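Before any comments, here is the structure.
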Amino acid sequence: MGSIKVTLKDGVEKEYPEGITPQEILEDIGGRLKKEALAARINGKVIDLKAPLKENVQLSFVDFKDPEGEKIYRHSTSHVLAQAVQRLDREAKLGIGPAITDGFYYDFDLSESFSPEDLEKVEEEMNKIIKEDLPVQRKELSREEALDLFKKRGEDYKVELIEELPPGETISCYEQGEFVDLCAGPHVPSTGKIKSIKLLNLAGAYWRGEERNPMLQRIYGTSFPKKSHLEEYLQRLEEAKKRDHRKLGRELDLFSLHEEAPGFPFFHPPGMTIIEELLGFWREHHEKAGYQEIQTPIILNRKLWEQSGHWDHYKENMYFTSIDESDYAIKPMNCPGVMLVYNTKMHSYRDLPLRIAELGLVHRHELSGTLHGLMRVRCFTQDDAHIFMLPSQVKGEIKNILDLVDYFYKVFGFQYRVELSTRPEKAMGSEEMWNMATSALREVLEENSIEYKVNEGEGAFYGPKIDFILQDCLKREWQCGTIQLDFQMPEKFDLFYIGEDGQKHRPVMIHRVVYGAIERFFALLIEHYAGAFPLWLAPVQAVFLPIADRHLSYAREKAELLKEEGLRVEIDDRNEKVGYKIREAQVKKIPYMLVVGDKEMESDQVAVRKREEGDLGPQGLEEFLEQAKKERKPDINLP
RNA sequence: GCCGACGUAGCUCAAUGGCAGAGCAGCUGAUUUGUAAUCAGCAGGUUACCAGUUCGAGUCUGGUCGUCGGCUCCA
């Protein structure tokens, strides 16, 4: 047996006998890592601490602070969860149990369903397993051995997974005590490495996410190496829930939802003010970007939907009605209406690109279980636009939209993620068309060095798309902006333009939205700002707080001046103490409070109190107005 | 749509199978107030809805609707 050279992170080279494990090296070098290391990284690859080293390597250790370490830690916790569940119910069959953002889950198939009380018992059992500090052992097996092992254990789902592993793939499993799970690893060296665990919730989940498969029971949980970190995390969750747009929407009187209209939101005056500001901002920038606005009807004849392909591809999401004995549908998308507008006149190649925008109200029959406040509703306003262009203009137009979306999201301070979705199973058009369209999107993303994830088979039925994804207060992801390339619709509606050669040509079309759905974007904004909207969006921008009745007329006079400047101003003329009025204005998250009493009347000033900063002292009305006007610009915070 | 939980006053929440209650908000009155809640009084309910069990149901059972957490779907 020879020896190997191990280069540690700090550049130190050490010689060890071949077959030494990272664990043993830790024993040798000691220090903080000895306690905190969860796995090792050799030549960039993460492996078990117990994996023997066979050649010269660059070695570093992975702890919880390392994203890979966090993942391993949570993944190992999911194994402990599965072990606990099987201890409590021998019949429980294992699904899958991966680490996810901030935690993990494990899916189980069992005859009786879990109750929230069961979770406590499971948690108790998990703590026992942790206390037992069972060594976690990796084993590599042949396909036959693996099939045999999991068949014997009655793990039908694992057997299914093994059968689908590509030939030649190393099959490994991890054992801890009586428990064994099919798993690629790596894992922590023993269950005692895990410290603080918490099971969070229960849910049903289809096996492998497919509706025709049996529904398994999923347990979500999380774990941390320190109890205080777990507690902080739970605290953060509680804080995040306070930002929930459904809660703030009610408290701030922005909107409401009613049993009488599930999924169809009602907007109240303060909510409408915000929406109108969002739309005003949108119109301003779309006009600048060369868009023209139209409006098309909500109800359109069946024939149109047959022509567009929606009747075949989107029927289960549509609402229908009949008028004078003919069939009509409520529009789930705006495009077919736009097609009719395009075809009302001849177009020259000189007219292209033609950018036609529509703030279109669409209705879709979403499954009842998917409705979620304003985030997922059954009717929503898309800030839609359809761009008709020459094939040579496609990339330029997509680039323009990428820039527009980026500008909009930056104005609100949103971080976003980009996805490219490709051809779905149920698609119109030829493979070649799809490939061409998909690579066009891909190229623009790459040319503009935008990071993106590919979402295979998730495109629209008429073309591939680029999606822009935002997160809500609980880090749930919501698709907002989207750019969809469409070679189908122009074909279906026989769109053409007259080219330089005097002949008819087919234009290319893009569907795109920036906000996505106004409702969803609004909801995300509520959570993003925790209800404390910047001045330009705030339903009430400033409130006068007169100290006593004798200051009322002064407040009215000054308020009038601000209103003339277009500010949204109110006066709290109730017979209450200032402290009371301040509290109320603060709870309503009004950006500015203007306290007026004897002193202010005498000096012809207002005492300005800012929502975030508190008392700013007395100012002349002009000074305040100047500041307010600055803050009225949506992009005030942009460089 | 599927799995699970939940549904009491506008909101937040109480009430062993035995008279449906509190705080906040609302209304009325008093107080004229200086940087996050003045005091008093009044009113507020078909306990989501429909059946059933029971002498008696907010509470137990079944169904419907809705909401919440997921799955699936999607802006």
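We name chains A, B, ... by the order of the sequence lines, and we start the count at 1 in each one. Quantities reported herein were computed from a predicted structural model and do not represent experimental measurements.
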Closest nucleotide of RNA chain B for A:Ala548 versus for A:Met375: which of these residues is on the 5' side? A:Ala548
Of all residues at least two apart in sequence or in a different chain, which pass the side chain to side chain contact (heavy atoms under 4.5 Å, CB included) check with A:His75? A:Ser78, A:His79, A:Ala99, A:Cys183, A:His187
Using a cut-off of 4.0 Å on non-hydrogen atoms, how would the nucleic acid contact of A:Gly95 be classed: base, sugar-phosphate, or nothing? nothing
What's A:Glu366 touching, base or sugar-phosphate or nothing? Going by heavy atoms closer than 4.0 Å. base
Are A:Thr222 and A:Asp102 close enough, and set up right, to give a side-chain hydrogen bond (donor to acceptor under 3.5 Å, both in side chains), and what steps lead you there? CA-CA 6 Å; A:Thr222 192; A:Asp102 291 339; over 6 Å; no
Do A:Phe266 and A:Phe255 have ring centres separated by under 6.0 Å? no
Check: A:Arg611 side chain, A:Lys589 main-chain N or O, donor-acceptor pair, under 3.5 Å: yes
What parts of residues 510-525 of chain A reach RNA chain B, counting only heavy atoms under 4.0 Å away? A:Gly516, A:Ala517, A:Arg520
Contacts to RNA chain B from residues 474-481 of chain A, heavy-atom cutoff under 4.0 Å, which residues? A:Arg476, A:Gln479, A:Cys480
Winner on side-chain proximity to A:Arg246, out of B:U32, B:G7, B:C68, is B:C68
I'd like to know if the side chain of A:Glu570 and the backbone of A:Val540 have a donor-acceptor N/O pair within less than 3.5 Å. no
If you look at every strand shown and take non-hydrogen atoms under 4.0 Å, does A:Asp383 touch a base, only sugar-phosphate, or nothing? nothing
Are A:Tyr515 and A:Tyr409 close enough that their ring centres sit under 6.0 Å apart? no
Hey, can you pull the residues of residues 247-255 of chain A with a non-hydrogen atom under 4.0 angstrom from RNA chain B? A:Arg250
Decide if the gap between the ring center of A:Phe108 and the ring center of A:Tyr106 is smaller than 6.0 angstrom. yes
Under 4.0 Å between a Lys/Arg side-chain N and an Asp/Glu carboxylate O for A:Lys331 and A:Glu358? yes
Identify, residue by residue, the members of residues 578-597 of chain A with a heavy atom below 4.0 Å from RNA chain B, and return them in order of residue number, or none. A:Val578, A:Gly579, A:Tyr580, A:Ile582, A:Arg583, A:Gln586, A:Val595, A:Gly597
Check: A:Tyr462 ring centroid to A:Phe487 ring centroid under 6.0 Å: no
Does the ring center of A:Trp478 lie less than 6.0 Å from the ring center of A:Tyr416? no
Which part of the nucleic acid, if any, lies within reach of A:Val377 when heavy atoms closer than 4.0 Å are counted: base, sugar-phosphate only, or nothing? base
Please give the distance between the C1' atoms of B:C55 and B:G17 as a whole number of Å. 12 Å
C1' atoms of B:A15 and B:A20, separation to the nearest Å: 7 Å
Side-chain N or O of A:Ser368 versus OP1/OP2 of B:G1: is the shortest distance under 4.0 Å? yes
Name the residue closer to the 5' end of RNA chain B, choosing between A:Leu257 and A:Arg364 according to the nucleotide with the nearest heavy atom. A:Leu257
Looking only at N and O atoms, is any donor in the side chain of A:Arg218 or the base of B:C71 less than 3.5 Å from an acceptor on the other one? no
Base, sugar-phosphate, or nothing for A:Lys465, non-hydrogen atoms under 4.0 angstrom? sugar-phosphate
So, A:Lys121 and A:Asp89, do they make that salt bridge, N to O below 4.0 Å? no
Using the side-chain heavy atoms of A:Arg376, tell me which of these nucleotides is nearest: B:G7, B:G34, B:C73. B:C73
First locate atom CG of A:Asp383, then atom CD of A:Glu293, and finally report the distance between them rounded to the nearest 0.5 Å. 10.5 Å
Could you check whether A:His372 gets within reach of a base, just the sugar-phosphate, or nothing at all, counting any heavy atom under 4.0 Å? sugar-phosphate
Does A:Phe412 have its ring centroid less than 6.0 Å away from the ring centroid of A:His528? no
Mind listing the residues from residues 198-217 of chain A sitting with a heavy atom below 4.0 Å of RNA chain B? Number order is fine. A:Asn201, A:Leu202, A:Ala203, A:Gly204, A:Ala205, A:Tyr206, A:Gly209, A:Glu211, A:Met215
Of the listed B:U67, B:G1, B:U32, the closest approach to the A:Thr370 side chain comes from B:G1
Take a 6.0 Å sphere around CD of A:Glu91 and say whether it holds more than 12 heavy atoms from other residues, nucleotides or ligands. no
Please determine whether a side-chain nitrogen or oxygen atom of A:His551 lies at a distance below 4.0 Å from atom OP1 or OP2 of B:G34. no
